[in-house]
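Every number for a ligand or one of its atoms is a count from 1 in the order of the listing.
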Amino acid sequence: MADHRYDPKEIEPRWQKVWEDEQTWHVENGEATDRDKSYVLVMLPYPSGEPHIGHLKVYSVGDAVAHFHRRNGLRVLNPMGYDAFGLPAENHAIKTGQHPRVSTDEAIIEFRKAFHEWGVSIDWSREFGTHEPRYYRWTQWIFLALYERGLAYRKEAAVKWCPNDQTVLANEQVIDGRCERCGWEVEVKQLEQWFFRITDYADRLLDDLDTIEWPEHVKTMQRNWIGRSEGAEVKFRCEELDTDYPVFTTRPDTLFGATFFVLAPEHPDVLRLAAGTPHEREVREYVRRALTESAEERGAEDREKTGVPLGRTVTNPVNAEEIAMFVADYVLAGYGTGAIMAVPGQDERDWEFAEEFGLPIIRTVQPPEGFDGNAYLGDGPAINSGPLNGLHVAEAKKKIIEELERAGWGTATITYKLRDWLFSRQRYWGEPFPIVYDETGLPVALPESMLPVELPEMSDFQPRIVADDEETLPEPPLARAEQWVTVEADLGEGTKTYLRETNTMPQWAGSCWYYLRYIDPHNDNRFVDPVKEAYWMPVDLYIGGVEHAVLHLLYARFWHKVLYDLGHISSFEPFRRLFNQGYIQAYAYTDERGSYVPAEEVSEVDGGRYVWNGRPVRRQYGKMGKSLKNVVTPDEMCAQYGADTFRVYEMSMGPLEVSRPWETRAVVGAQRFLQRVWRAVVDEQTGAVRVVDTPADEQTRRLLHRVIDGVRGDMEGIRFNTAIAKLIELTNRVTVVGGSGTPREVAEPLVLMVAPFAPHIAEELWRRLGHEDSLAYADFPVADPALLVTESVTYPVQVNGKVRGRVQVAADAAEDAVRAAALAAVADHVTGEPRKVIVVPGRMVSVVV
Ligand SMILES: [Zn+2]
């Protein structure tokens, strides 16, 4: 028996080769005036280890969108690169002794191979790794642009330092006082570091969120990270020490209710204030204890309020009252000035503290009648507030700020939680800075002609500690590249000897602008040609994990805005629309002793119970991992089922935004679907095309057009699971109706719609249907609106209680349309304007004249 069944092992490599030979996915840059473009970008992978099934998910999402846009006549940019510098490769190198360049390049080969085997429609002519000197030359160039603009600077700062990874961490890499990467407790060291003045851009980073289509929760995370609050800075004077203590408050209208004053334990004046008072010892002990606790522990809502009096007072500027000073750990150093005026009447934590210490509580906003809580945070007329009495919060704020400014006790102020971005690390595997130091230790920017500053070859890239006079400090590996460190150059003052910066840039650097380089990857004169940039930017759809909601996406937006301000690019936001895909999770199984058993050997018995080797096992849900014995690799999935099945399964696991557990058993369902699509076109016995030119029956035709219409909407909304469900319904219909063959008017659109999810089988069937060209650029089907009207409803139309006519309308017709049709049907019985027209949906229309 001749066997012409669906055989992905034969089909897939064949089409991959054709696409490669024919450069099917290559895209030329368009003309500046031609705006029919779509830049579809998936966050570039980190080439460490092997590609996993999560990679397939995110790249399949981007690929399906790219196919859909191409086939709607858009010029589509769908590029690929690698975020190659950074800690994982380097830690791997330190552990194995293998140079990070070697392990990174090996991983890149694995990723490239995987993308080919998955049939992802990438324009490979634009590929690069961020660790290539030809690329990072421009990363260095952009650094210099920021430096010359005054946005990069060095300062000594208490930096977070991981004793295990032996590197400085960005604030965002510290979670609960521990290193995000390894979990070690973080130490604090004083070091000279590079910073970016991202705070200069805080307002624009905030305001421009309104101009882009991002998920609301991501915007909220960025807003919270920037943490803008408007208010006033108010000075409280401590006469005894002859010092003014400024505080930032968002509620200057409550100043008359400020009955005490609290400093954070980190505030530099705490010990000076307590010195010589009876509380000195107690304060010292309290501060020591507080500093070992995390901000989260200290800020917890339900935590009992503790503190110690400092034995001093400050003067409340609005009423000249002397109020007591405290140190208390519920005030955090990172917020405002590290000191607060406490207004228990309007702040719950201040209220609790006041009760604990028997301090006065004065309400300055009248709570509504029946309010029986403690602090009142809402609006209302001011009370106990002298000139503010009777004013509501917003007016009271405005008036008191005016008064404070006039008296010289305060100013309107805006504060941010956002801090300047720490941009250097003491590691080997990163971009070197294009900076040298002269004999006095001052930094000097290298000229463009000296770029790139290439990373020197080193076999010993272990970061170490060197002992200084007093303290141990991390020593960057590059400091040991002695030949490289010393530079003889004429930088405008005759030939002199300079020493290179030995820190490297952090992991974020390369990914801050890579999307611009894809546009013009081979340009050695500019980082991107402005005409090409104007054509492709902004990115129309950016796809990636929500873990990048703050850092990568904030940093990239910051660089982008600076490049825009410098006139290098035309767009002020890089990513117009953002999509966050959920993760693929997994089940794991443990036996009665709690040991993991191989997940693929477990079977389910009578609903919800699981056995392995005849023994009952328990099911858990979570990560995929070797130790959990539940890893599914793309290689084995592709070998067993083919890439198309694997892709269809991942795109149909549920809404793409949601994390879902992998179920190998369910993959079979995706495979059966593709087998049915195959059988709709190919006779498995003879291999002949079983498609006929006779028209489809009315019901199938209506289903087809409803599916086309629905799939189009789902493609636009990135709801691929429901798109695939509709395609399954259509396929089932044609394979059930069957008969002598599938009508061509159904078979062709079906194949065209399956293609974004299963490109290999679709291409194969398309050619078998008699087309010589790839379907890569064939139009995506369009529904006939006349065939979309599904059902109709007949309404009896009453006039003053008597049925005078009937009207037939579409079941989903809007109420206005029903009303108009009904009035037309009974026009003979209605003269002038009816008094009332009542539409009872699906039942009747009643007209009262
Ligand atoms: Zn660490």
Side-chain angles (χ1 to χ4, degrees), residues 45-49 83-101 103-104 107 130-131 156-196 225 291-298 334 419-433 455 458 460-468 471-480 502-511 545-552 554-555 623 625-627:
Y46 195 88
S48 131
D83 194 6
F85 275 135
L87 271 179
E90 189 169 63
N91 284 348
H92 176 79
I94 289 165
K95 214 160 63 187
T96 62
Q98 192 180 33
H99 195 283
R101 180 174 292 109
S103 59
T104 300
T130 59
H131 65 317
E156 184 161 301
V159 292
K160 308 272 164 61
W161 188 72
C162 173
N164 181 39
D165 287 323
Q166 303 207 333
T167 188
V168 167
L169 302 171
N171 281 335
E172 38 280 72
Q173 290 175 297
V174 181
I175 314 270
D176 283 344
R178 289 176 182 277
C179 170
E180 165 209 59
R181 198 160 286 283
C182 69
W184 277 46
E185 229 169 279
V186 166
E187 295 175 5
V188 172
K189 300 233 176 231
Q190 291 290 328
L191 273 183
E192 191 92 353
Q193 297 285 305
W194 283 99
F195 286 85
F196 279 131
W225 189 265
L291 293 185
T292 63
E293 292 186 296
S294 75
E296 286 72 20
E297 288 170 318
R298 284 169 51 185
R419 294 284 171 266
D420 277 349
W421 170 15
L422 171 61
F423 190 76
S424 45
R425 53 201 281 282
Q426 293 65 54
R427 301 296 296 239
Y428 170 68
W429 190 234
E431 299 88 348
F433 282 83
L455 192 62
M458 293 181 79
D460 172 14
F461 25 78
Q462 177 85 39
R464 298 219 185 88
I465 299 205
V466 289
D468 202 335
E471 214 194 346
T472 57
L473 289 173
E475 177 203 63
L478 289 185
R480 297 197 297 274
T502 56
N503 284 313
T504 52
M505 297 187 195
Q507 196 158 324
W508 317 103
S511 62
V546 74
E547 72 272 21
H548 299 293
V550 178
L551 305 176
H552 161 61
L554 198 65
Y555 294 158
K623 284 199 300 203
K626 284 206 177 87
S627 61

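Atoms CG and CH2, on L422 and W194 in that order, are 12.5 Å from each other to the nearest 0.5 Å. Separation of atoms CZ (F423) and OG1 (T504) is listed at 9.5 Å; rounding is to 0.5 Å.
Remark: S424 pairs with Q193 by the side-chain hydrogen bond (donor to acceptor under 3.5 Å, both in side chains) rule, at least two apart or across chains.
Between W421 and Y555, the ring planes lie parallel to each other; the angle is under 30°, not in the 30° to 60° tilted range.
Here the side chain of R427 pairs no donor or acceptor atom with the backbone of E90 at under 3.5 angstrom. Using modelled atom types, one side-chain atom of Y46 and one backbone atom of F85 make a donor-acceptor pair closer than 3.5 Å.
Taking 2.8 Å as the limit, the number of protein N, O or S atoms around the Zn ion (ligand 1) is 4.
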